[in-house]
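Here the structure comes first, spelled out in structure tokens, and everything after it is commentary.
Just so it is clear: chains get the letters A, B, ... in the order the sequence lines come, proteins before strands, and each one is counted from 1. Model, not experiment: these values are computed from the prediction. The basis for the numbers below is simple: all heavy atoms, side chains too, and nothing from hydrogens, waters or symmetry mates.
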Amino acid sequence: MSIKRELTSIRELYSDLKNYDGKEIKVGGWVRSIRSSNIFGFIELNDGTYFKNVQIVFEEQNIDNYNLITKQNTGASLSITGTFVLTPEAKQPFEIKATAIEVCGTSTPDYPLQPKKHSLEFLRSIAHLRPRANTFNAVFRVRSCAAQAIHRFFAEKGFVYVNTPIVTASDCEGAGEMFKVTTLDIGNPPKTKDGQVDYSKDFFAAAANLTVSGQLEAECFATAFSNVYTFGPTFRAENSNTSRHAAEFWMIEPEIAFADLEDDMMLAEEMTKYTISYVLETCPAEIEFFNKFIDNTLANRLNELVNSDFGRVTYTEAIRLLKESGQQFEYPVEWGCDLQTEHERYITEKLFGKPVFVTDYPKEIKAFYMRMNEDGKTVAATDMLVPGIGELIGGSQREERLEVLEKRLDELGLNKEDYWWYLELRKYGSVKHAGYGLGFERLIMYITGMTNIRDVEAFPRTVGSAEF
RNA sequence: UCCCCAGUAGCUCAGUCGGUAGAGCAGCUGGCUGUUAACCAGCUUGUCCGUGGUUCGAGUCCGCGCUGGGGAGCCA
């Protein structure tokens, strides 16, 4: 059903061809291409409701502004009244024979999005127009669909959706460089006696930043609602220059109480499969497009994924397999070292050929809040690695034992005062619990085959770039 | 932040040994009664990323800078 009184969406037309045959309809959209002879012409019109265009036939004898229409350029917005006609003999399944065409907004010959192949780099420089291009129409429809799938998945499981703060004055999130948030005059900030910036005079009476994770707050809610998740923007001020890092990205962070690492991984696997299945069912035309133009192994890979069991391997075992592989790595493998990108890719692409959870990492290379294992050397952490992307999910069982957590903070030289409320969760009704963080853009990259995070965000923010 | 590569017409690119620039697409004009990456004929389009240098002469060689891309680190 159209939400507009008079327009029929192109999606509706494609979904119910027979019903519209011979009927008078009105559509509105933007010109993808236009070509004409002296007495008739064709317009490829797209209204963004569907991946495909509709072909408009306009004839000199049927409309009263033929010469005006032939002069329109790619990009112009038109509303068109005409007769829907099935065309089983032609390349397109149907067309609209126009009886009236209204020019809503003209375009010009220098419209940047010409009907030809453009590079993704060029399209990034016209981020305000690229949603009109096929690739981005498909990317952002899939992105929307995947977001809805995630909400639907957690809703069906009875999870509570919690919105954790975007501005935080807690300095203990420990997940990288943060963006400062302040109303102080940065050219002339108030100073304390010893010459430091006096944040007690700042808006929040403390140094504040944009969040790098909602996990600690999500844990508070998990110990009230049992099962919660966050889905919101996240900010990292790291000077990262790669195709899979952005300064602003969206993260999904479930947190589950009365649950251990195994429960956590089962949830991650189920969520991943649910989301991908939902997109495969809901956006078949988009997946077909990506498979044809972006990555011709995509459809197979996604279909196999939803029917496979993800791999499981401990860090210790993974190190042994890498050593025994005989593969020459730029960075040699040794127990205790962090897995390099080349190692992760070898594990997921060569050793398993599918997504795989690597578990139980040495405590030295993981965060303070991860639960200490019985061996005293490893923690109950997991990274879910997927072919082509690397780390898609990072999670862990959280340390719920107050004295063990305090000991870890001491070992790492962290100030317990800063974590007072986080520690109180362990004082009042502590329970084993676990959670993970899913980089939403990385999931979209995996589902679409797009290889640069800048092409799955509407207006990407990266080092040195925040235009639009 | 480190390593590598690139920057020439609106877009995608070519440009030989250093001798003041070219193609396809798109655009414009005309033609064409069913096209669908429309077709046919003709035409237009340049701060060769910036800056300094070498040279009689630089798109081409060298230095510095900027921008973009790929890889690494950090991570999601």
| field | No-hydrogen, no-angle side-chain donor-acceptor test under 3.5 Å, A:N452 and A:R244 | value | no

| query | Using 4.0 Å as the upper bound for N to carboxylate O, is an ion pair formed by A:D309 and A:K354? | reply | no

| request: Quick one: list whatever passes salt bridge (charged side-chain N to carboxylate O under 4.0 Å, His left out) with A:R345, sequence neighbours left out. | output: A:E349

| message | Short of 4.0 Å, heavy atom to strand atom, which residues of residues 241-249 of chain A count as contacting RNA chain B? | response | A:N241, A:T242, A:S243, A:R244, A:H245, A:A246, A:F249

| Base partner of B:U33, which must satisfy Watson-Crick or wobble distances under 3.5 Å | none

| Excluding sequence neighbours, so at least two apart, what forms side-chain hydrogen bond (donor to acceptor under 3.5 Å, both in side chains) with A:T87? | none

| said: Does B:G68 have its OP1 or OP2 closer than 4.0 Å to a side-chain nitrogen or oxygen of A:S125? | reply: no

| said: Show every salt bridge (Lys or Arg N to Asp or Glu O under 4.0 Å) that has at least one partner inside residues 134-150 of chain A, sequence neighbours left out. | reply: A:R141-A:E286, A:R143-A:E441

| task | Using both distances under 3.5 Å as the test, list the Watson-Crick or G-U wobble partner of B:C17, or none. | result | none

| task | State whether A:E269 and A:K273 are salt-bridged, where the test is any N-O pair (Lys NZ or Arg NE/NH1/NH2 against Asp/Glu carboxylate O) under 4.0 Å. | result | yes

| B:C75 C1' sits how many Å from A:E238 CD, rounded? | 7 Å

| task | Using the salt bridge (Lys or Arg N to Asp or Glu O under 4.0 Å) rule, collect all pairs that involve residues 53-67 of chain A, keeping only residues at least two apart or in two chains. | result | none

| Within residues 66-86 of chain A: residues closer than 4.0 Å to RNA chain B (heavy atoms) | A:N73

| Pairing partner of B:G42 (Watson-Crick or G-U wobble, both distances under 3.5 Å) | B:C28

| NA contact type, A:Q340, heavy-atom cut-off 4.0 Å: base, sugar-phosphate, or nothing? | sugar-phosphate

| remark: Whether each nucleotide of nucleotides 35-43 of chain B has a protein heavy atom under 4.0 Å at its base (B), only at its sugar-phosphate (S) or at neither (-) is summarised, 5' to 3', as BBSB-----

| said: Test: salt bridge (Lys or Arg N to Asp or Glu O under 4.0 Å). Region: residues 98-118 of chain A. Which pairs qualify, not counting sequence neighbours? | reply: none

| field | Residues from residues 443-458 of chain A lying under 4.0 Å of RNA chain B - heavy atoms | value | A:N452, A:I453, A:R454

| message | Going by the rule salt bridge (charged side-chain N to carboxylate O under 4.0 Å, His left out), which residues pair with A:K71 if we only count those two or more places apart in sequence or in a different chain? | response | none

| query | Any Lys/Arg nitrogen of A:K377 or A:D360 sitting under 4.0 Å from an Asp/Glu carboxylate oxygen of the other? | reply | no

| query | Within less than 4.0 Å of OP1 or OP2 of B:C75, is there a side-chain N or O belonging to A:S240? | reply | no

| said: For a quick check of understanding: with a heavy-atom distance under 4.0 Å over all strands, which category does A:Y436 fall into, base, sugar-phosphate or nothing? | reply: nothing

| message | Closer than 4.0 angstrom, basic N to acidic O: yes or no for A:E248 and A:R236? | response | no

| request: Could you pull out all residues at least two apart from A:F459 that satisfy ring-ring contact (aromatic ring centres under 6.0 Å, His included)? | output: none

| Exam field: side chain A:N291 to backbone A:L298, donor-acceptor pair closer than 3.5 Å | yes

| Basic-acidic side-chain contact under 4.0 Å: A:R398, A:E400 | no

Below 3.5 Å between N/O atoms, which protein atoms pair up with nucleotides 7-10 of chain B? Just atom names and distances, please.
none

| said: Please check this pair: side chain of A:E253 against backbone of A:F231, looking for a donor-acceptor N/O pair closer than 3.5 Å. | reply: no

| note | Heavy-atom nearest nucleotide on RNA chain B taken for A:G464 and for A:F440; more 5' hit belongs to A:G464

| Does any nucleotide pair with B:G63 by Watson-Crick or G-U wobble geometry, both distances under 3.5 Å, and what is it? | B:U51

| request: Ignoring hydrogens and angles, state whether a donor on the side chain of A:E12 or A:S15 is under 3.5 Å from an acceptor on the partner side chain. | output: no

